[in-house]
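In listed order, ligands and their atoms are each counted from 1.
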Amino acid sequence: MLAELTHRCPLGCPYCSNPLRLDPKGEELDTATWQRVLGEAAALGVLHVHLSGGEPLARPDLPELVASCAKLGLYSNLITSGIGLSERRLAALADAGLDHVQLSIQDALGESADRIAGYRGAFARKREAAGLVVAAGLPLTVNAVLHRGNIERAGTLVALAVELGARRVEIAHAQYYGWALANRAALQPAAAQVRRAVAEVEQRKQAHAGRIVIDHVAPDYHARFPKACMGGWGRRSLNVTPSGKVLPCHAAETIPGLEFWSVREHAPAEIWQDSPAFNAFRGTDWMQEPCRSCARRTVDFGGCRCQAMALAGDPRATDPVCSLSPHRAKVDAALLAETGAGSMPDYVYRR
Ligand code: SF4
Ligand code: FES
């Protein structure tokens with residue numbers, strides 16, 4: 001379960017997948033409601049809770065929520081920018097039973113990292129935060145999102161994660177939802193850049209084998225087949241938004257006509273089993289051709305419903321990044337237009 005505790009965040013990353021209309025602070029679930037939801041999620045069979053945002057450290061009740069996870073036997077992962085993570089706050093979280101920290105890094109060069117984050121001094125504070133996590137004995141994952149502004153340093157980002165003492169690094173190419181879709185023309189890398197980055201990360205995998213786990217999420221605009229988004233719709237994960245809506249994926253609200261239920265009125269188990277949104281694209285019955293008769297339909301589940309909506313205007317369509325999709329030409333046209341010789345547009349920041 002992804003628990004989006006708040007949309008508030010000191011950073012403004014242009015690849016943020018949060019929606020363009022962010023939930024305001026006044027609409028956030030309170031502590032008692034989150035604690036009830038965590039208990040009901042554990043009863044449903046949830047094993048991992050990703051405490052995310054925005055920046056979850058913006059919530060003063062974070063240690064209480066971590067303690068609830070620990071009491072319920074839920075593995076807790078704090079997904080953070082590191083801004084606001086002092087030694088005292090980390091000690092409180094570790095004492096409450098926090099299991100893991102995932103820290104975002106915007107680039108391996110400080111000046112560029114700060115520009116991408118839209119926050120001066122962010123890079124230095126992230127380095128400090130990594131040091132605190134490692135010193136506290138908590139396992140650290142470094143997450144770096146690749147795009148045109150930093151893709152030439154894919155290998156250097158892996159080296160930085162090793163230097164920071166991370167046990168795992170996730171190198172993920174930007175995926176175009178929310179603010180990232182609004183910034184796509186500024187983020188889109190060229191095919192040659194992607195090939196170089198993939199080769200560099202593979203080379204680092206060999207070089208650092210046994211020292212760090214390197215997970216590399218491929219850029220699907222440059223792939224032949226789409227990703228199995230969310231591992232398949234309503235198959236293994238759920239997102240709870242700051243205001244309590246439960247979504248099958250982070251961008252599901254971009255699909256018109258879906259009815260989302262809230263934890264304010266329903267338990268997660270009821271939402272998981274019976275809500276219209278979770279049942280809309282479960283299994284394979286909803287599929288159109290070519291997915292309907294494709295051998296990969298239970299491998300990638302037709303790709304991403306939100307990407308089909310964004311690019312083809314139809315959430316039931318084959319994900320347009322698939323080479324078998326009748327809409328693939330739209331992806332190729334976007335790649336051509338956005339990675340041509342023209343100058344890179346400015347980022348649109350979240351605030
Ligand atoms: Fe996947 Fe559909 Fe493409 Fe087949 S046609 S590879 S099921 S997206
Ligand atoms: Fe919604 Fe992929 S982000 S299905």
Side-chain angles (χ1 to χ4, degrees), residues 1-4 7 13 15-22 50 52-54 79 143 145 147 170 172-184 187 217-241 245-261 271-272 275-332 334:
M1 181 170 91
L2 183 74
E4 293 180 341
H7 278 156
C13 307
Y15 53 75
C16 182
S17 61
N18 280 165
L20 298 184
R21 191 227 167 244
L22 300 166
H50 302 285
S52 177
I79 299 181
N143 168 271
V145 175
H147 50 85
E170 190 178 276
H173 293 254
Q175 311 230 0
Y176 300 111
Y177 307 103
W179 291 89
L181 187 58
N183 278 300
R184 193 179 67 183
L187 298 171
V217 181
D220 56 4
Y221 274 48
H222 295 267
R224 277 182 66 213
F225 297 119
K227 60 189 179 288
C229 196
M230 306 303 290
W233 184 277
R235 282 187 84 236
R236 65 179 194 209
S237 47
L238 62 158
N239 287 19
V240 184
T241 69
K245 272 187 266 182
V246 186
L247 313 178
C249 67
H250 47 276
E253 287 176 286
T254 61
I255 299 179
L258 287 186
E259 182 186 326
F260 303 104
W261 289 4
I271 297 173
W272 179 260
S275 71
F278 272 83
N279 285 308
F281 306 111
R282 260 203 180 114
T284 55
D285 287 352
W286 57 270
M287 288 180 177
Q288 303 171 353
E289 292 295 350
C291 292
R292 180 177 280 273
S293 57
C294 179
R296 288 179 57 86
R297 68 187 179 282
T298 53
V299 176
D300 61 35
F301 303 96
C304 174
R305 297 308 85 226
C306 302
Q307 195 146 262
M309 181 66 225
L311 301 181
D314 178 0
R316 289 185 161 68
T318 294
D319 187 333
V321 303
C322 178
S323 52
L324 303 174
S325 162
H327 297 283
R328 173 69 212 193
K330 291 183 183 166
V331 176
D332 292 330

* Asked: For ligand 1, is any non-hydrogen atom under 4.0 Å from P226's backbone (N, CA, C, O), its side chain (CB onward), both, or neither?
  -> side chain
Which residue owns the protein heavy atom closest to [atom], what's the atom, and how far is it?
atom	answer
atom 2 (Fe) of ligand 1	C291 SG, 2.3 Å
atom 3 (Fe) of ligand 1	C322 SG, 2.3 Å
atom 4 (Fe) of ligand 1	C294 SG, 2.3 Å
atom 4 (S) of ligand 2	R305 N, 3.4 Å

* Asked: Going by the order shown, which atoms of ligand 2 are within less than 4.0 Å of some heavy atom of C229?
  -> 2 (Fe), 3 (S), 4 (S)
* Output the list of atoms in ligand 2 that are nearer than 4.0 Å to some heavy atom of C249, sorted by atom number. => 1 (Fe), 3 (S), 4 (S)
* Would you say D300 reaches atom 1 (Fe) of ligand 1 with an N/O/S atom under 2.8 Å? -> yes
* N, O or S of C306 under 2.8 Å from atom 1 (Fe) of ligand 2 -> yes
* Distance flag, aromatic centroids of Y221 and Y176, threshold under 6.0 Å -> yes
Main-chain N/O of [Y] paired with [X] side-chain donor or acceptor, under 3.5 Å:
X	Y	result
R328	S325	no
R224	S323	no
N239	M1	no
R305	A317	yes

* **T318 heavy atom under 4.0 Å from ligand 1** => yes
* To do: For L247 and L238, run side chain to side chain contact (heavy atoms under 4.5 Å, CB included): C-alpha distance rounded to whole Å, both residues' side-chain angles, the deciding distance at 0.1 Å, then the answer.
  => CA-CA 6 Å; L247 313 178; L238 62 158; over 6 Å; no
* Structure fact -> Tightest non-hydrogen contact, residues M230 and R236, listed as O-CG, 3.9 Å
* Is there a salt bridge (charged side-chain N to carboxylate O under 4.0 Å, His left out) between E253 and K245 once you walk through the steps? -> CA-CA 10 Å; E253 287 176 286; K245 272 187 266 182; 2.6 Å; yes
* Hey, is M230 one of the residues with a heavy atom under 4.0 angstrom from ligand 2? -> no
Which ligand 1 atoms, with their elements, are less than 4.0 angstrom from a heavy-atom of [X]?
X	result
R296	6 (S), 7 (S)
F225	6 (S)
R297	7 (S)
G302	2 (Fe), 8 (S)

* Asked: Is any side-chain heavy atom of W179 less than 4.5 Å from a side-chain heavy atom of L22?
  -> yes
* Asked: So, is the end of the R296 side chain (NZ or CZ) under 6.0 Å from the ring centre of F225 and within 45° of the ring's axis?
  -> yes
